[in-house]
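For ligands, and for the atoms within them, numbers begin at 1 and follow the listed sequence. Below, each value reflects all heavy atoms present in this structure, side chains not excepted, and no hydrogens, waters or symmetry copies.
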Amino acid sequence: MSNSSRERELEQRIQQLESRLEQSRRASAWSASGPTVHAPESMREVFNAAEETVRRYFSEVLIDPARATIQIGDERYVLMRASSLSVDFLMAIRHLYADLGDDEAFAIGRNFLFDIAHVIGIEDARVFHEKMNLTDPVERLATGPVHFAWSGWALVDISPESRPSPDADYFIKYDHPYSFEADSWIRAGQRSDQPVCFMNAGYSSGWCEQSFGVELTAVEISCRAAGDDACTFIMAPPQRIREYVAHYAPENHVTRQDAFRIPTFFERKRVEEEMKSARRKAEESDRMKSEFLTNISHEIRTPMNALIGMIELVLETPLAGSQREYLNTSLQSAESLMEIINQILDFSRIESGKMELAPRPFSLRGLIDEAMRPLEILAEEKGLKLSWKVADDVPDAVRGDSIRFRQVVVNLVGNALKFTENGGAAMEVRLERKASRDVWLHVVVKDTGIGIPVEKLESIFEAFTQVDMSTTRKHGGTGLGLSISSRLVDLMEGRIWAENNPLGGSTFHFTVRLELDAPSPHPELAGVPVVLVVDYAEHRTALERVLTKLQMDVVTAKSSHDALTLLMNRKTPRHRRHLLISDVKDNLILLESIRSRPEIRDTEAISLIARDDAGDVPRLEELGVKACLIKPIKQSELIAAIKQSLHSAKSPPIEPDRTRPGEQAVHVEPETAGGAQEKKAPGESGVRILLVEDGVTNQKFAVAMLHRWGHEVAIANNGLEALEMLDTNPDVYDLILMDVLMPVMDGLQATKEIRLREEGSNRRVPIVAITAQAMKEDRDRCLSAGMDDYLSKPIRRRDLQKIIAERVVK
Ligand code: ADP
């Protein structure tokens, strides 16, 4: 080692020694002139040991103001002016809360000081005990008063009747002859009308609480700042403190009744705990409530499904006039019950935070038109006027959850009609604001009805709230509609409110944010209902994509038969008729059958034909086909042909339907004249379906429906039976309709097994789930089990038909 480095090392060493010397010089300045705790003889020994421990702790003091350091051992400390924590602080608080009155203001200061000191006491004790390795409760406790004295709070004088036992009997009575708090008042020349040593009480009870693991509080029963001879305290578990105070408080305390207010630290803690646990319980019960609602709604939907289906089937048979009327009434009642159940489901979904929006592009005007049409019929029936308008500057091509948007509109307009007897309702969609990607709309629904009492204008948006709550209410309803609407509007980032019109009736408003969709270059095509039927899947998909981009309302079919079924059953918006775009081998036959059916005779048609079939063109034209395009076709050609066919279309008659407003799962099917929908013999369509379902009624209903369409049906009562049937005849079925909840083996399990068995073969039979579980995650579960699609109960004929048309390749 070189000389210079040796020198440097020595210098460093000298510096270290000097700083140690400085430290010990300071520590020795921190020396006590006598014992720091006055304890009864019986406790002397343990306090002597405590004196030793605390002295050791305080022997390593480092004070370096240049670094804002006051350090004892490796703990940093701060020095504070004692008065600032007592007389000054309390005076400031009194001043700050003067409007609450002196007592209240003082209580705020008192509780604050007690709480903060109690927590500091607990923490100081914890750290000190850990550092000094103290495990015995009595030793831990005894260091408290000594530490107290060393850190400048107060000296403790413990009275002989004290019994510091680590249990509910803990009790000590002690004086602080030099309490910094009382001292600060006396020095300031202030006199208090009640004790003031709250930090002393809080800190020492915190320390003792931590030492013994027993909850403790302390109360000062006489105080030098209040003119008493001594600052005397009582420390005990909070539940017993009153008892001791009553016993030990000095005689004259009666004149100062309030002088011994017990700090409410524990009470506040208890109330907080109670609140927390009450909140937990409420959340739990909310969850259970919404689960219960979901389950019960599900249970009700299943039999309702069968009920509605059966009524519909009977309605399609020849019936006497009164029978038809009775059944129509039953159907209406059943459907309104379904509406209520749907509302409850929606509500519980919202409550449990499970409501999710499903945005998709849609034509705003198309949607409004479609939503208002059934309401218009209701208005007509009631002799009311209903008008609606979408302002010209509102963009049409938007993206958002069209179903939920429509639900809110239908709820508000439905209510407007429900609560109006004369006059009518008007709905308007206005543009509120437009940005580069989003648009904010403002929907206004105004009526001339009964209006809403001013005090209810806000509460009607709460669940189950109705203005007229009497049992003899004139208007039905659950009182859930508006609360669901209001939550949906929240989800759509808007707001909803109501006001009364000066001349009677009320006006409801809501706003929503929707995304702007790229406007179609051919806006006149948006919303046009199209049935696209193409043999080849690839061509079909490509064409569907083109038409959807044009925002046309497309459904696809794989065969002429399916196309026919779709045309028969798909309701179009008013003043609209279907456009059929076909590219199938039996195109001529398809068009002939369309023209032979009065209900769909005036369907517009465009045919795509192979060059070899050009000979068919004259006959097709005879059949009213507007354009025959020879394949391969160009997109521009197709668009021109569609426009031309629409241009020449005449306005068809409007056909009323029996769908009523307020229905969410709107069931739109034309009443075929006298139920005269063509009935087929089972097996005629060549489609074979395996129905896996345990409910006999549902089986009957589904079979009746499927037979009617000419499909062959085999039934399995549960998943296991289905597997057995598939094992015997793996290639027979074109489609499996699979219930989810079934005994023996459920639908999810069965599907997994089926997919497993298909592995390695080139077979993959489409499986469609049929379940009343309407949540999104249920659908996801079905799909991840290997199912291809999902039908929610109650099954609507149209949905089932569509799925069969889409899934069965024939
Ligand atoms: P419901 O109509 O099923 O009772 P809603 O939540 O849709 O439930 O409506 C709650 C209540 O608000 C109604 O019962 C009615 O008292 C009041 N209300 C709603 N819309 C109107 C309206 N347009 N005119 C008068 N009162 C209305």
Side-chain angles (χ1 to χ4, degrees), residues 293 297 300 332-333 335-351 355 371-372 374-376 378-379 381-388 403-429 442-492 494-510 660-666:
L293 282 176
S297 314
I300 300 172
Q332 272 179 15
S333 308
E335 285 181 338
S336 66
L337 183 53
M338 274 304 267
E339 183 199 330
I340 295 174
I341 295 161
N342 283 335
Q343 277 198 346
I344 295 178
L345 254 180
D346 269 356
F347 178 72
S348 55
R349 229 176 279 177
I350 289 174
E351 283 290 284
M355 176 68 85
M372 298 301 282
L375 292 159
E376 193 182 33
L378 181 92
E381 278 170 11
K382 256 186 112 174
L384 300 172
K385 277 205 207 84
L386 175 64
S387 63
W388 67 90
I403 294 178
R404 297 306 180 183
F405 176 72
R406 175 196 157 118
Q407 186 176 342
V408 181
V409 171
V410 169
N411 176 224
L412 296 189
V413 179
N415 276 351
L417 297 175
K418 184 154 97 174
F419 297 102
T420 301
E421 296 305 325
N422 295 304
M427 193 278 258
E428 198 186 335
V429 185
H442 177 179
V443 180
V444 184
V445 179
K446 189 171 179 175
D447 65 49
T448 56
I450 58 172
I452 298 156
V454 183
E455 71 279 6
K456 300 270 181 173
L457 279 171
E458 283 183 12
S459 64
I460 47 170
F461 295 102
E462 286 160 19
F464 305 108
T465 305
Q466 294 173 322
V467 170
D468 178 4
M469 299 288 277
S470 63
T471 43
T472 51
R473 282 184 309 125
K474 187 164 164 219
H475 312 278
T478 51
L480 278 177
L482 286 179
S483 80
I484 294 173
S485 288
S486 136
R487 308 297 275 272
L488 291 176
V489 167
D490 270 356
L491 283 175
M492 294 189 277
R495 55 189 202 98
I496 188 166
W497 70 101
E499 61 195 15
N500 283 319
N501 308 327
L503 298 176
S506 49
T507 304
F508 281 76
H509 301 259
F510 76 93
R660 291 163 311 95
E663 279 185 345
Q664 266 110 55
V666 190

(Q) Quick check on Glu458: does its CD atom have over 12 non-hydrogen neighbours (other residues, nucleotides or ligands) under 6.0 Å away? (A) no
Straight-line distance of [X] [atom1] to [Y] [atom2], nearest 0.5 Å:
{"X": "Leu337", "Y": "Ile300", "atom1": "CG", "atom2": "CD1", "result": "7.0 Å"}
{"X": "Glu376", "Y": "Leu384", "atom1": "CD", "atom2": "CG", "result": "12.0 Å"}
{"X": "Asn415", "Y": "Asp447", "atom1": "CG", "atom2": "CG", "result": "9.0 Å"}

Show me which atoms of ligand 1 lie under 4.0 Å from any heavy atom of [X].
{"X": "Ser506", "value": "22 (C), 23 (N), 24 (N)"}
{"X": "Leu480", "value": "6 (O), 8 (O)"}
{"X": "Ala416", "value": "23 (N)"}
{"X": "Asn411", "value": "7 (O)"}
{"X": "Phe508", "value": "19 (C), 20 (N), 21 (C), 22 (C), 23 (N)"}

(Q) If you measure every N or O of Leu482 against every N or O of ligand 1, does any of those distances drop under 3.5 Å? (A) yes
Q) Mind checking whether Asp447 has an N or O less than 3.5 Å away from an N or O of ligand 1? A) yes
Q: Determine, for Arg404 against Asp346, whether the closest basic-nitrogen to carboxylate-oxygen distance falls under 4.0 angstrom.
A: yes
Q | With Asn501 via side chain to side chain donor-acceptor pair (under 3.5 Å) - residues at least two apart | A | Thr507
Q.
Below 4.0 Å from ligand 1: does a non-hydrogen atom of Gly449 turn up there or not?
A. no
Q. Does Lys418 come within less than 4.0 angstrom of ligand 1, counting non-hydrogen atoms of the residue?
A. yes
Q) Do the ring planes of Phe461 and Phe508 sit parallel (below 30°), tilted (30 to 60°) or perpendicular (above 60°)? A) perpendicular
